[in-house]
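Since the structure comes first, as structure tokens, the remarks are kept for the end.
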Amino acid sequence: MLQCVFLLSDSGEVMVEKQMTAHRVDRGICGWFWDYVLAHAAGDASKVVVSPTHYLFQVYRNGVTFLACTQVEMPPLLAIEFLSRVADVLTDYLGDLNEDIIKDNFVLVYQILDEMMDNGFPLTTEPNILKEMIAPPNIVSKMLNVVTGKSSNLGNKLPDAAASFVPWRTTVVKDASNEVYVNIVEELDACVNREGALVKCEAYGKIQVNSSLPGVPELTLSFSNPTIINDVRFHPCVRFRPWESNQILSFVPPDGQFELMSYRVKKLKTTPIYVKPQLTSDSGNCRVNVMVGIKNDPGKPIDSITVQFRLPPLIASADLTANYGTVDILADQTCFWTIGQIPKDKAPSLSGNLRLEEGLTHLHTFPTFEVKFKIMGVALSGLQIDKLEVKNTPNAPYKGFRAQTQAGRYEVRS
């Protein structure tokens, strides 16, 4: 049972405070939490923190920290999933999520929190129902609120979908174009050691669906190779029994865009590109040479390739150039090499010299290279959609499919 939810800015300011139960949580807990965050490196603070008086759960999105508090033991994933759902709903309502938007729409944010939880327990978390209860903001409604002095967007009646067996779908879909699109989006995480051996390579993927179908359609989605999938997580619309028995996704979709499922594919054998760094230091100088090329051609163009690394400490000066792309050294001593696409006639390489500080002869700390790329039209995990069946629609709908892969945490040690 969650007792209170706070929304904090990047400076630790409390922007929204919503007490969920009769037991009031003192705002001073936010000060204790912020001291804890400052004592840890950015991004390293745990999602679950135990204070002297409370259990704290946090989710960070776009400069906003969602913080929940309780004094009783509860499943941590319940609190984290609820906070993630709050962040997703607010992003859906407001179009984006940052400190200024939260402050400009304080009343709306407070109303949404009030409907999403009742007496410390999650209640209404489906965006379709919430939008019937609380109208999304627009220019006309804001002008009327200013003229009439009204500040509430709450509706006067209970949404029809609240009593439906598919509460994630509105009872009447307006302007349905009889189309459905399925998109596989994957992130590739990889780690290459200093000898060039692939230590770890796995893909984290999502199946995103954009549905604009009339009525209450029944969809069935199957894969050519579902056995490669691990650690699946489903949208509430997915029926678990067909997946458990035959690895088939059977569901009644919400209207609009939503994430149908997420998954992980382990122990991939190769990466699409290679990055080969060489650093040799002697007599106060460090010679740098980094080569990039295609290792396993995915059959589609590899775009938006970048390589970045932080300059080692005790570097007095750096002179780095590339035979392709642009090289920038940022104020935080990060070298950012933008390549784009790899040309067919030559392999991009970065070379140059790092001058060590006075008194040093050899480099003792070697950097880790972070690689980014994007590939449209292919899922590197090998996951393929076999068939999508749509039933209970007046006419045969248009079905579109797409896949893309981008680098997640792709590191090359030197």
Side-chain angles (χ1 to χ4, degrees), residues 81 84-85 88-89 91-93 116 122-133 136 157-186 204-265 377 379 381-404:
E81 180 63 24
S84 299
R85 183 61 67 93
D88 292 339
V89 168
T91 302
D92 190 24
Y93 259 84
M116 291 187 70
L123 180 63
T124 305
T125 60
E126 289 298 329
N128 282 330
I129 298 181
L130 287 169
K131 286 181 179 178
E132 290 189 43
M133 299 171 68
K157 66 175 184 176
L158 186 69
D160 295 334
S164 170
F165 72 98
V166 282
W168 51 84
R169 185 173 179 84
T170 55
T171 53
V172 178
V173 179
K174 299 178 181 179
D175 302 324
S177 56
N178 203 28
E179 299 173 334
V180 59
Y181 299 91
V182 181
N183 189 15
I184 300 177
V185 180
E186 293 187 344
Y204 293 86
K206 299 177 181 179
I207 307 295
Q208 297 177 342
V209 178
N210 189 354
S211 171
S212 182
L213 299 171
V216 185
E218 293 274 351
L219 275 66
T220 304
L221 179 67
S222 59
F223 302 100
S224 301
N225 48 352
T227 56
I228 68 174
I229 298 176
N230 299 282
D231 303 335
V232 293
R233 188 184 70 174
F234 300 115
H235 187 275
C237 70
V238 176
R239 302 181 180 97
F240 186 64
R241 185 168 295 177
W243 174 263
E244 192 176 36
S245 57
N246 299 310
Q247 281 72 56
I248 292 175
L249 296 176
S250 175
F251 58 99
V252 176
D255 184 49
Q257 298 183 11
F258 67 100
E259 183 181 306
L260 180 65
M261 68 174 288
S262 63
Y263 60 89
R264 177 167 64 150
V265 179
S381 68
L383 184 66
Q384 294 181 342
I385 294 175
D386 178 45
K387 183 168 56 176
L388 175 64
E389 294 182 352
V390 182
K391 300 178 181 178
N392 291 351
T393 55
N395 303 298
Y398 175 81
K399 295 178 283 188
F401 304 93
R402 191 175 65 176
Q404 75 175 65

For side-chain contact (heavy atoms from CB on, under 4.5 Å), just list the numbers for L249 and L260, CA-CA rounded to whole Å, side-chain angles, deciding distance to a tenth of an Å, and then say yes or no.
-> CA-CA 9 Å; L249 296 176; L260 180 65; 3.6 Å; yes

Looking at side-chain heavy atoms only, is the closest gap between [X] and [Y] below 4.5 Å?
X: N210; Y: N183; value: no
X: D231; Y: Y204; value: no
X: V238; Y: M261; value: no
X: Y398; Y: N178; value: no
X: V89; Y: T125; value: no
X: I229; Y: S381; value: no
X: P253; Y: P217; value: yes
X: P122; Y: E81; value: no

Could you give me the CA-CA distance, side-chain angles and deciding distance for T227 and Q247, then say whether side-chain contact (heavy atoms from CB on, under 4.5 Å) is met?
-> CA-CA 8 Å; T227 56; Q247 281 72 56; 5.7 Å; no

Please name the pair of heavy atoms, one in [X] and one in [Y], separated by the smallest distance, quoted to 0.1 Å.
X: S177; Y: S212; value: N-OG, 3.0 Å
X: F258; Y: C237; value: CE1-SG, 4.1 Å
X: L213; Y: P397; value: CD2-CB, 3.7 Å
X: S250; Y: P242; value: CB-CG, 4.0 Å

For the atom pair [atom1] ([X]) and [atom2] ([Y]), what is the distance rounded to the nearest 0.5 Å?
X: S245; Y: F240; atom1: OG; atom2: CZ; answer: 9.5 Å
X: E126; Y: M116; atom1: CD; atom2: CE; answer: 9.0 Å
X: R233; Y: Y263; atom1: CZ; atom2: OH; answer: 13.5 Å
X: I385; Y: S224; atom1: CD1; atom2: OG; answer: 9.0 Å
X: F234; Y: S262; atom1: CZ; atom2: OG; answer: 9.0 Å

The side chain to side chain donor-acceptor pair (under 3.5 Å) partners of Q404 (sequence neighbours excluded) come to none

Starting from the C-alpha separation in whole Å, work towards a yes-or-no answer on side-chain contact (heavy atoms from CB on, under 4.5 Å) for I184 and I207.
-> CA-CA 5 Å; I184 300 177; I207 307 295; 3.7 Å; yes

Hits for side chain to side chain contact (heavy atoms under 4.5 Å, CB included) against N246, two or more places apart or cross-chain, chain-then-number order -> I248

More than 12 foreign heavy atoms under 6.0 Å from NZ of K131: is that the case here?
-> yes

Count the heavy atoms of every other residue, nucleotide or ligand shown that sit under 6.0 Å from CD of Q257, and state whether that count exceeds 12.
-> no

Walk me through it: do V209 and L221 pass the test side-chain contact (heavy atoms from CB on, under 4.5 Å)?
-> CA-CA 11 Å; V209 178; L221 179 67; 5.8 Å; no

Which pairs pass side chain to side chain donor-acceptor pair (under 3.5 Å) with one or both residues in residues 382-396, sequence neighbours excluded?
-> K387-E389

Would H235 and F251 satisfy ring-ring contact (aromatic ring centres under 6.0 Å, His included), going step by step from the backbone distance to the final call?
-> CA-CA 9 Å; H235 187 275; F251 58 99; 8.8 Å; no

Is the backbone of P127 close enough, under 3.5 Å, to the side chain of D92 for a donor and an acceptor to pair up by distance?
-> no

